[in-house]
Amino acid sequence: MNILDEIVAQRKKDIAEKSVTLGFQIPEKRTRGITPFIPKGKKGVILEIKRASPSKGSIAPQLNAGETAKAYSNAGTSAISVLTEEHWFKGNLEDLQNACRAVDEYASAHRTTPPAILRKDFLLSAEEIEVAYRCGADAVLLIARILDTNTMISMAKKCEELGITALIELRLEEDLQKLSEVVKVVNTDFIVCGVNARDLKNFSIDLLTPAALMQEIKAIAGENARVVFESGIRTPEAARFAGSLGFSAMLLGEAAAKNPSEAGTLVSAFTESSETENAKAWNIYAQKLQTKRKTGRKTPFVKICGLTNEKDALKAASLGADFLGFIFWEKSPRKVNPTELPKIVCALKEAGLREKVRLVGVIVDTDTSDAENAYAALKNGDLDFIQLHGCAARFTKKELPHYAVVNVSGEEDIEKIDEIRQRGEPRILIDAKVGAMPGGTGERIADLLVEKVSQKTKLWLAGGITQENVSEIVARFEPELIDVASGVESEPGIKDHEKMEKLFQKLASAHF
């Protein structure tokens, strides 16, 4: 039984023993007005009142719901989420009522509209929505994964009847199917959709999961559907990245609960962000991930790196490579001639392959002529991403499509990955560390270290991958992307076409 199943089982037990009020005194009728939850056309942030979580344990055990709600109001938040689950999150219905009173007092004193209040819990019936309404909630969370279609419809209808909003949390394909049935019978004015970056089965976080589902949600609920990016944001940089992806709102949990006084910085980072070329590139990649899931593709994305000529680039793309890598570093034996890249791109276009691959420029420093050549190629459309090999900390052009590389040889390198992830970088490529060489060494990362990285983030793996070991590596670690350079070469910078063919054949015939 996973943690979500445990929470739901306990929920059913509590309701059977204490009723839907969970043993708390609640008002006979609602006594406050309704604040619209995430109004259309207005970007907002939902700050969370949360004392603990299954993944982090104790977060803010001494938290006072009323005082925190006032601090969040002062931070300029659009809405406040109140956890009312008592076993894993240490919340309750008193917190909900106290938060409602606090925001009303704040609004009265400052002559403004109070933030909307969301009851966040593992609700299972329309009766629990009635309880939330009477306690003052303006919105309630409905987790599609734990509700069957008919129950979710009845709960969403109850929200519409009461005039409050259903925040429907979606993640799986079957969740989207349930949403399609709900919007047939419930006015979407009373529906906001959310996608949790945290998988409630194991509490791992993927910042691209919300982006992968956003377009599908809009296809179901309408182009103007409001979609919330939920969980996984802890820094202003990460909030800015989430905001740039096009979400209507962002829900902040741990980062806000631990430091309510700093919540305003996170709010402004999200609300003041705008779409960037980096966001566009990652949204495209997220859609590729969603297509991969829907088509049942088991093999990882493949990047063939260190390309220097038309012939090799065309062969790699024709075999099915998803990414082609070109090195912009004077000291590399695989350095591409900047004048050669436009010719390669032209050849790919003529062969009808350019739109099927993402082209990556690899740099090892951010302020060299090589880096400037890569930036220029990106601007001209000859590249789609910049790969920051060991220089992510010095990279300031965050609006450009990019991802970082960390060379891994020990535990201290895994800590670097955590630091980069917290800054809102959705994917990080790991490569072997051998002396001063940044990559292309043909050496593998120790298996134990690869396993540890794969438990933290979606695995992008480079280092020593060949036709001989690719099947074993993919079966064992299930990487999302593999990066191959020296493993398919006859000499540095020159690819062996037979080796490339065998690599792709092995991937096609691998058993997962």
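Owing to the predicted nature of the structure, the values given are computational and were not obtained by experimental measurement. When reading the values below, keep in mind they use all heavy atoms of this one structure, side chains included, and skip hydrogens, waters and symmetry mates.
Counting heavy atoms from C-beta outward, Val488 and Gln467 have side chains that stay 4.5 Å or more apart. Using a 4.5 Å heavy-atom threshold, the side chains of Val470 and Val484 count as separate. For the pair Pro54 and Phe89, the minimum side-chain heavy-atom distance is below 4.5 Å. Side-chain contact between Ile38 and Ile46 is present, with at least one heavy-atom pair separated by less than 4.5 Å. Residues Ile494 and Asn309 are in side-chain contact: their nearest non-hydrogen atoms beyond the backbone lie under 4.5 Å apart. Inter-residue side-chain proximity for Phe326 and Val345 is flagged as unmet; no heavy-atom pair is nearer than 4.5 Å. Side-chain contact check for Val195 versus Thr209: some heavy-atom pair is nearer than 4.5 Å. Residues Trp88 and Ile3 meet the side-chain proximity criterion, which asks for heavy atoms closer than 4.5 Å.
Every residue was checked against the ring pair (Phe, Tyr, Trp, His ring centres under 6.0 Å) condition with Phe37, not counting sequence neighbours, and none meets it.
Using a 4.0 Å cut-off between charged nitrogen and carboxylate oxygen, Glu498 and Lys502 count as a salt-bridge pair. Checked for salt-bridge contact, Glu451 and Arg476 meet the test: a charged N lies under 4.0 Å from a carboxylate O. Salt bridge absent: Arg293 and Glu173 never bring a charged side-chain N and a carboxylate O closer than 4.0 Å. With salt bridges taken as basic N to acidic carboxylate O contacts below 4.0 Å, none links Lys288 and Asp322. A salt bridge is absent between Asp367 and Arg394: the closest approach of a Lys/Arg side-chain nitrogen to an acidic carboxylate oxygen does not fall below 4.0 angstrom. Contact check on Asp312 versus Lys315 returns no salt bridge, with no Lys/Arg side-chain nitrogen under 4.0 Å from an Asp/Glu carboxylate oxygen. Ionic pairing of Glu472 and Arg444 is present here: one or more N-O contacts between side-chain nitrogen and carboxylate oxygen are shorter than 4.0 angstrom. At a threshold of 4.0 Å, the pair Lys343-Asp382 does not count as salt-bridged, since none of the basic side-chain nitrogens sits closer than that to a carboxylate oxygen. Using a 4.0 Å cut-off between charged nitrogen and carboxylate oxygen, Arg354 and Asp384 count as a salt-bridge pair.
A donor-acceptor contact shorter than 3.5 Å links the side chain of Asn407 to the backbone of Ala432. Checked by atom type and distance alone, the side chain of Asp175 pairs as donor or acceptor with a backbone atom of Leu172 at under 3.5 Å. The closest donor-acceptor contact from the side chain of Thr308 to the backbone of Gly493 lies under 3.5 Å. Judged by distance alone, with hydrogens and angles left aside, the side-chain atoms of Arg171 form a donor-acceptor pair with the main-chain N or O of Asn196 at under 3.5 Å. In this structure, Tyr403 contributes its side chain and Pro426 its backbone to no donor-acceptor pair below 3.5 Å. In this structure, Thr271 contributes its side chain and Gly44 its backbone to no donor-acceptor pair below 3.5 Å. Between the side chain of Lys50 and the backbone N or O of Ser81, no donor-acceptor pair lies under 3.5 Å. Here the side chain of Asn469 pairs a donor or acceptor atom with the backbone of Gly464 at under 3.5 angstrom. A donor-acceptor contact shorter than 3.5 Å is absent between the side chain of Lys506 and the backbone of Ser471. One N or O on the side chain of Arg226 and one on the backbone of Asp189 form a donor-acceptor pair closer than 3.5 Å.
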message: Is there a side chain to side chain contact (heavy atoms under 4.5 Å, CB included) between Phe328 and Val336? Walk through the geometry before answering.
response: CA-CA 6 Å; Phe328 288 73; Val336 67; 4.0 Å; yes

- prompt: Run the side chain to side chain donor-acceptor pair (under 3.5 Å) check on Asp370 and Thr368 step by step: do they pass?
  reply: CA-CA 5 Å; Asp370 286 330; Thr368 63; 4.8 Å; no

- request: Report the C-alpha distance between Glu419 and Lys416 in whole Å, list the side-chain angles of each, state the deciding distance to 0.1 Å, and finish with yes or no for salt bridge (charged side-chain N to carboxylate O under 4.0 Å, His left out).
  value: CA-CA 5 Å; Glu419 292 171 5; Lys416 294 177 186 177; over 6 Å; no

field: Intermediate values then yes/no, side chain to side chain contact (heavy atoms under 4.5 Å, CB included), Ser53 and Ile59
entry: CA-CA 7 Å; Ser53 76; Ile59 293 171; 3.9 Å; yes

- request: Would you sort out whether Gln287 and Gln215 count as a side chain to side chain donor-acceptor pair (under 3.5 Å), showing the intermediate values?
  value: CA-CA 8 Å; Gln287 293 310 306; Gln215 291 307 316; over 6 Å; no

- request: Could you walk me through whether Thr165 and Leu118 pass the side chain to side chain contact (heavy atoms under 4.5 Å, CB included) test, one step at a time?
  value: CA-CA 9 Å; Thr165 301; Leu118 165 73; over 6 Å; no

task: Decide yes or no on side chain to side chain contact (heavy atoms under 4.5 Å, CB included) for Leu170 and Glu216, but give the supporting numbers first.
output: CA-CA 11 Å; Leu170 309 157; Glu216 290 204 50; over 6 Å; no

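Counting all heavy atoms, side chain and backbone alike, Glu489 lies closest to Lys495 at OE2-NZ, 3.0 Å. Leu378 and Pro401 make their closest contact through CD2-CD, 3.7 Å (heavy atoms, listed as atom of the first residue, atom of the second, distance). Taking all atoms of both residues into account, the shortest heavy-atom contact from Ile386 to Leu383 is CD1-CD1, 4.4 Å. Of all heavy-atom pairs between Ser73 and Ile80, the closest is OG-CD1, 4.2 Å. The two atoms that bring Val45 and Thr77 nearest to each other are O-OG1, 2.7 Å, heavy atoms only. Across Ile445 and Leu461, no two heavy atoms sit closer than the pair CD1-CD1, 4.0 Å.
Atoms CD1 and NZ, from Ile428 and Lys458 in turn, are 14.0 Å apart once rounded to the nearest 0.5 Å. Rounded to the nearest 0.5 Å, atoms CH2 (Trp460) and CD (Glu480) are 7.0 Å apart. Between the CG atom of Leu142 and the SG atom of Cys193 there is a distance of 10.5 Å, given to the nearest 0.5 Å. The CE atom of Met214 sits 8.5 Å away from atom CD1 of Ile217, with the distance rounded to the nearest 0.5 Å. Ile363 contributes atom CD1, which lies 12.5 Å from atom CH2 of Trp329 (distance to the nearest 0.5 angstrom). Of the inter-residue distances, the one linking Glu330 atom CD with Ser369 atom OG reads 7.0 Å to the nearest 0.5 angstrom.
Glu399 and Thr276 share no donor-acceptor pair across their side chains, judged by distance under 3.5 Å alone. Looking only at atom types and distance, the side chain of Lys43 has a donor-acceptor partner in the side chain of Ser273 under 3.5 Å away.
When the shell of 6.0 Å around NZ of Lys178 is examined, it contains more than 12 heavy atoms from other residues, nucleotides or ligands. Annotation: Glu355, atom CD; neighbour count of heavy atoms from other residues, nucleotides and ligands within 6.0 Å does not exceed 12. Counting heavy atoms of neighbouring residues, nucleotides and ligands inside a 6.0 Å radius, atom NZ of Lys40 exceeds 12 of them.
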Return a table of donor-acceptor pairs under 3.5 angstrom between the side chains of residues 237-245 and protein atoms on other chains or two or more places apart.
from, atom 1, to, atom 2, distance (Å)
Glu237, OE1, Thr235, OG1, 3.4
Ser244, OG, Phe241, O, 2.6

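For Phe385 and Tyr285, the ring centers sit 6.0 Å or farther from each other.
Ring pair His402/Phe395 is tilted by interplanar angle, where 30° to 60° counts as tilted.
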